[in-house]
2 protein chains.
Amino acid sequence: MKVTIRDVANHAGVSPATVSRVLNTPELVSEETKQVVQEAIAALGFSPNAIARGLSAQKTDTLGLLVHGLSDMFFSELYVGIEEVARNNGMKVLLFDSHHGLDRAQDGFTFLKQHQVDGIIFTSRPVTVDYDPILSRLGIPVVLTLTQSYGKFPLTAFKVDDVRACFDAVSYLVSRGHRRIGMISGPLDDIIAGAPRFEGYKKGLQHASIPFCEDWKEFGNYRFEHGYLAMSRLLEKQEQNQLTAVFAASDTMAIGAMRCLYDRGLRVPDDISVMGFDNLRIAQMVTPTLTTVAQPIKQIGELAIEYLLQAIQNQNAQIDGGIHYLPHRIVERESVRMIPVNT
Amino acid sequence: MKVTIRDVANHAGVSPATVSRVLNTPELVSEETKQVVQEAIAALGFSPNAIARGLSAQKTDTLGLLVHGLSDMFFSELYVGIEEVARNNGMKVLLFDSHHGLDRAQDGFTFLKQHQVDGIIFTSRPVTVDYDPILSRLGIPVVLTLTQSYGKFPLTAFKVDDVRACFDAVSYLVSRGHRRIGMISGPLDDIIAGAPRFEGYKKGLQHASIPFCEDWKEFGNYRFEHGYLAMSRLLEKQEQNQLTAVFAASDTMAIGAMRCLYDRGLRVPDDISVMGFDNLRIAQMVTPTLTTVAQPIKQIGELAIEYLLQAIQNQNAQIDGGIHYLPHRIVERESVRMIPVNT
DNA sequence: CTGTTAGCGCTTTCAT
DNA sequence: ATGAAAGCGCTAACAG
């Protein structure tokens with residue numbers, strides 16, 4: 001029921017070391033013994049114990065992925081992207097989901113360290129000074145994706161430029177003839193997806209010489225319900241505002257907003273245009289399909305893992321500690337209408 | 001950078017064994033040494049290596065979860081449910097995603113075995129004779145959720161009764177005055193979510209004395225696009241069919257169907273009612289919100305893990321090998337209309 | 001090319 | 001109540 005490398009060695013009439021060699025460095029073994037050993041392996045149905053291997057070799061070929069709420073659609077798409085890239089690089093992924101909750105996020109590092117992962121990918125949460133103590137005694141490389149470091153440890157990060165992305169989103173709306181553009185923002189104390197996106201929005205307006213109006217903004221926590229609520233608050237002020245478009249900091253909020261509009265008898269995009277951020281799969285499933293900002297998740301995963309692999313190799317890891325911006329992209333669909341120019 | 005139990009022992013002036021005891025069986029250690037050791041642990045920032053622990057103790061407190069396409073929304077919700085239950089029971093979850101693909105599904109067992117998980121939860125895929133060889137040499141308990149065994153190994157399973165659930169779905173539609181009810185089914189060679197759901201549909205019609213008509217059914221692979229396509233095929237025959245409702249074997253197909261209807265200028269539920277299966281979160285995000293069949297995923301996870309935990313304890317595991325059916329539930333929302341009785 | 005010998009970091013008898 | 005010693009299953013020098 002439990003067959004070890006020793007059993008295989010006995011069965012094949014060689015030493016455990018030899019079996020280990022045909023497993024890891026077959027080129028160092030003669031053809032014929034290799035043959036015998038492989039037969040023994042097959043005969044006994046042996047599969048090496050990854051845990052023992054990890055302990056002995058001091059590496060597990062596993063990358064730890066720290067995520068915050070796998071159920072958040074967004075993260076599940078992120079997971080899949082990263083898992084695929086890792087697998088293509090011969091690495092496994094050990095997932096830790098913090099389910100939001102800061103404590104558990106820190107636990108995540110401990111958990112992954114305990115499991116001796118070779119490197120860690122941390123996602124979508126600002127890395128503040130709170131993490132400094134753990135990071136200082138971690139001893140394995142960490143890379144950030146879709147977030148950046150605000151602590152004293154310079155961690156290298158791969159993400160889009162949120163300010164820029166939202167600037168572009170607003171500019172897109174402007175190019176479609178919109179000038180009265182509202183925003184459903186994330187919380188401003190969220191320094192990763194809240195404040196920067198709001199800033200990008202304001203800059204976008206400014207660039208188009210549109211004076212920003214306090215009444216044009218509402219906040220939410222990125223979820224559907226909050227999008228709905230924020231939109232209804234916006235609608236209460238619609239008489240003065242006369243918004244023709246609303247930009248939301250997440251697709252789920254955008255979709256919530258669309259539902260709110262629907263319930264109030266307003267049509268998207270005919271009465272009001274809506275734009276999201278994330279390009280989740282559901283953006284294509286709702287009606288109208290959602291125009292949104294896409295982040296190159298796959299590419300980010302690729303670069304992050306590439307970086308990590310390198311850092312693992314060069315123990316002397318020259319952490320560049322920089323932020324690498326990747327290009328976002330605006331995905332045009334049905335939720336934004338073109339407003340004809342007044343002639 | 002790397003602190004072991006030995007370092008702690010030295011620092012505290014005790015033996016490694018004692019440190020191990022305060023970690024695992026504190027009741028066997030005197031108050032004062034416990035004190036000293038805990039201080040040493042804190043001082044050095046020690047956290048035990050889970051991998052070494054697993055090797056030595058021959059158990060990892062980890063459950064393996066075998067899933068097929070985490071991106072499938074459905075699985076990500078399932079994962080979250082199971083992870084939570086596991087955590088509440090002091091267990092971690094090691095995820096393996098087969099991304100569909102049969103080979104990789106079998107790999108999954110090997111992978112999890114290699115990582116010495118204490119038990120395995122296998123989801124949503126029929127367990128056929130193909131798995132017999134691996135199962136026979138696995139040596140750790142396995143439980144099935146949302147699927148059942150068709151191989152020679154009787155594996156205990158927790159799921160809803162798909163036939164019954166679809167029977168009820170159709171009955172619900174009938175109770176709403178529908179009699180010409182179409183179905184977008186999964187492939188009939190899918191013995192878990194395809195054939196049984198279709199069978200339930202037919203039985204539901206039969207029970208209501210509605211003669212089943214071949215033209216009322218179309219097939220798809222559970223995805224949005226296929227739902228769309230299947231619906232448009234149904235619409236081609238609508239002149240004869242005169243369907244007033246369509247039941248889809250998955251929420252995503254149902255939503256695809258709704259979009260198709262929309263594109264053809266038909267309104268849901270006014271012109272045609274649509275019903276889904278799964279109760280994904282998006283079912284509440286689309287407009288109209290989707291009436292659907294919900295499976296008690298959380299409860300299923302709970303029972304499965306409970307069972308697994310028990311099987312792990314009693315090495316002599318009396319596998320009951322039975323199928324445990326859990327109650328499904330119909331979630332009424334906006335996509336089904338009531339057809340008034342003809343008077 | 002292959003076997004021997006030490007561990008990897010922790011748990012667990014068995015003594016004391 | 002605590003320590004010494006053996007070992008979990010595998011890898012990695014070091015010999016030969």
Side-chain angles (χ1 to χ4, degrees), chain A residues 1-38 40-41 44-62 110 112-118 137 139-140, chain B residues 1-38 40-41 44-62 110 112-118 137 139-140:
Chain A
M1 193 121 289
K2 157 170 297 178
V3 25
T4 78
I5 205 174
R6 211 185 183 90
D7 300 322
V8 177
N10 289 150
H11 189 103
V14 299
S15 78
T18 300
V19 178
S20 174
R21 285 193 194 97
V22 348
L23 256 26
N24 304 300
T25 49
E27 63 277 14
L28 299 184
V29 182
S30 79
E31 266 315 314
E32 49 180 345
T33 42
K34 204 187 306 181
Q35 210 69 33
V36 187
V37 170
Q38 271 157 352
I41 290 180
L44 300 180
F46 166 77
S47 76
N49 182 320
I51 248 177
R53 199 205 288 249
L55 222 210
S56 179
Q58 291 295 77
K59 70 187 189 68
T60 53
D61 294 331
T62 300
T110 306
L112 293 175
K113 181 188 184 174
Q114 289 183 327
H115 284 268
Q116 240 184 246
V117 297
D118 298 337
R137 41 184 48 168
I140 40 181
Chain B
M1 192 120 291
K2 154 170 296 177
V3 24
T4 76
I5 204 174
R6 208 184 188 92
D7 299 323
V8 176
N10 290 152
H11 189 104
V14 299
S15 77
T18 301
V19 178
S20 173
R21 286 192 192 97
V22 349
L23 255 27
N24 304 302
T25 48
E27 63 276 13
L28 300 184
V29 182
S30 80
E31 267 314 314
E32 50 180 344
T33 43
K34 205 187 304 183
Q35 212 68 33
V36 187
V37 170
Q38 270 156 353
I41 289 180
L44 300 180
F46 166 76
S47 77
N49 181 319
I51 247 175
R53 200 205 286 252
L55 222 210
S56 180
Q58 292 294 77
K59 69 188 189 71
T60 53
D61 296 330
T62 300
T110 306
L112 293 175
K113 180 187 185 175
Q114 290 183 326
H115 284 267
Q116 242 185 244
V117 297
D118 298 336
R137 42 183 47 164
I140 40 182

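Proteins get letters first, then strands, A, B, ... in listed order; numbering begins at 1 in each.
In terms of the side chain to side chain contact (heavy atoms under 4.5 Å, CB included) criterion, residue partners of B:A40 (sequence neighbours excluded) are, by chain and number, B:V8, B:H11, B:A12. Legend: residues meeting salt bridge (charged side-chain N to carboxylate O under 4.0 Å, His left out) with B:K59, ordered by chain and number and at least two apart, are B:D61. In this view, A:T60 and A:T62, A:Q116, A:D118, B:I51 satisfy the side chain to side chain contact (heavy atoms under 4.5 Å, CB included) rule, not counting sequence neighbours. For the side chain to side chain contact (heavy atoms under 4.5 Å, CB included) test, residues two or more places apart in sequence or in another chain that qualify with A:Q35 are A:E31, A:E39.
Rounded to whole Å, atom P of D:dC10 lies 13 Å from atom NE2 of B:H115. Rounding to whole angstrom units, CD1 of residue A:I51 and C1' of D:dC8 are separated by 10 Å. One interatomic measurement links the two molecules: CG of B:L28 to P of D:dG3, which rounds to 14 Å at whole-angstrom precision. As rounded to whole Å, 19 Å separates atom P of D:dA6 from atom CD of B:Q58. The distance between atom CG of A:L44 and atom C1' of D:dG9, rounded to the nearest whole Å, is 15 Å. With rounding to whole Å, A:D7 atom CG is found 10 Å from D:dG9 atom C1'. Here C:dC8 presents its P atom at 18 Å from CG of A:N49, a figure rounded to the nearest Å. Atom-to-atom, CG of A:L55 to C1' of D:dC8 comes out at 9 Å; the value is rounded to the nearest Å.
Atom CD1 of B:I5 sits about 8.0 Å away from atom CD1 of B:I41, to the nearest 0.5 Å.
Taking each heavy atom of A:K34 and A:V22 in turn, the nearest pair found is CG-CB, 4.2 Å. Of all non-hydrogen atoms in B:F46 and B:L23, the two that sit nearest each other are CE2-CD2, 3.8 Å.
Contact check, A:T18 against C:dG3: a side-chain N or O comes under 4.0 Å of OP1 or OP2.
Relative to the axis of its first five pairs, the axis of the last five pairs of the helix from C:dC1-D:dG16 to C:dT16-D:dA1 sits at 40°, rounded to 10 degrees.
Here B:K2 lies in heavy-atom contact (under 4.0 Å) with sugar-phosphate atoms only.
Between the side chain of A:K113 and the backbone N or O of A:R137, at least one donor-acceptor pair lies under 3.5 Å. Distance alone, capped at 3.5 Å, is enough to place a donor-acceptor pair between the B:D7 side chain and the B:T4 backbone.
Listed nucleotides D:dG3, C:dG9, C:dT2 differ in distance to A:S30; the shortest reach to its side chain belongs to C:dT2.
Both B:E27 and A:T4 lie near DNA chain D, and the one whose nearest nucleotide falls closer to the 5' end is B:E27.
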Requested in this report: Using a 4.0 Å heavy-atom cut-off, write out nucleotides 11-16 of chain D from 5' to 3' as B (base contacted by protein), S (sugar-phosphate only) or - (no contact).
Outcome: BBB---

